[in-house]
Each structure stands twice: as C-alpha cells, then as structure tokens.
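Values below: every heavy atom of this structure, side chains too, minus hydrogens, waters and symmetry copies.
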Amino acid sequence: MMTSKAYIDEIRRKVRRYRIELSITQTDMAEMTGLSLSFIKKFENGNSISAENLFKILIVLDLADMVNNSIPDLEKSPSAYIESQKNKTKQRAHKKSADRKTNFKWGDEQ
C-alpha cells in the first residue's frame, strides 16, 4: 500500500510530465493559475501544496474533472437510488389491464 507521500510524489511527477507534454512552461503555468513561478518550481521539486492550489494546476491542465470523477459519488449509486425510493408515495395510479394477464404466453404453448 502506498503512503500519502508516495501518492503525492506520483501525482507531482505526472502533473509535471503532463505540463511538459502540453508545452506549458513553468512561467506559463504560474500566469495561468495565478500562482507564483517560485511556487510552481517548489511544487515540482517536492514542496507540499494545498488541495486548492493543486486544483488550480489541474484545471489548467484540464485534469480536474478526471480527478473528481475518479471518486465515486455514493449519492448517485444504484443502491442510494433504491434507498431513496423506498418511502416515496406513488404519484399516479395505473389501471392494470385484465386481458394483459390472460393473453400472456411463454411462447412454448400450442
């Protein structure tokens, strides 16, 4: 199991590589995020960073949605939907067709 520092170092490495692949200089990154050039350099060299500043960088690299979507939204899971429907009262009544039951065949009847 990776430590939190190992995860952060891995993210830092990927962010730096991604920035370079997009031909974004550290100076450009600083201007685009509103962070200082020295801050960008320190981050890429191993200094700690807040989640807010990390997301400023991820937004510039168009990676923020990927990070957000990688964490499951438990409120939108199928089981959460089923749970939310348990105590709801019906809003409409539907008539049941009597001949619907009598005309049903499995397909193997003669």
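At most 12 heavy atoms of other shown residues, nucleotides or ligands fall within 6.0 angstrom of atom CG in D62.
Scored by the side chain to side chain contact (heavy atoms under 4.5 Å, CB included) test, S23 finds no partners at all (sequence neighbours excluded). Remark: I20 engages R16, R17 in a side chain to side chain contact (heavy atoms under 4.5 Å, CB included) (not counting sequence neighbours).
The shortest side-chain heavy-atom distance between D28 and R19 does not fall under the 4.5 Å cut-off. You'll find the side chain of I8 reaches within 4.5 Å of the side chain of R12, heavy atoms only. Side-chain contact between T27 and I40: absent, with no pair of heavy atoms (C-beta onward) separated by less than 4.5 Å. Counting heavy atoms from C-beta on, the side chains of K56 and M32 never come closer than 4.5 Å.
No donor-acceptor pair closer than 3.5 Å links the side chain of N47 to the backbone N or O of F43. Looking at N53, its side chain never comes within 3.5 Å of a backbone N or O of I49 through a donor-acceptor pair.
Between the OG1 atom in T33 and the CG atom in L54 there is a gap of 11.0 Å [rounded to 0.5 Å]. With rounding to the nearest 0.5 Å, the separation of CD in Q26 from CG in L37 is 6.0 Å. Between atom CG of residue L35 and atom NZ of residue K42 there is a gap of 12.5 Å, rounded to the nearest 0.5 Å. The OG atom of S70 sits 11.0 Å away from the CG atom of D65 when rounded to the nearest 0.5 Å.
Minimum heavy-atom separation, V67 to F55: CG1-CZ, 3.7 Å. In plain terms, the two heavy atoms of S36 and A30 that are nearest each other are C-CB, 3.8 Å. Nearest heavy-atom pair across L58 and V15 is CD2-CG2, 4.0 Å.
R13 and D9 are not joined by a salt bridge, as no carboxylate oxygen comes within less than 4.0 angstrom of a charged side-chain nitrogen.
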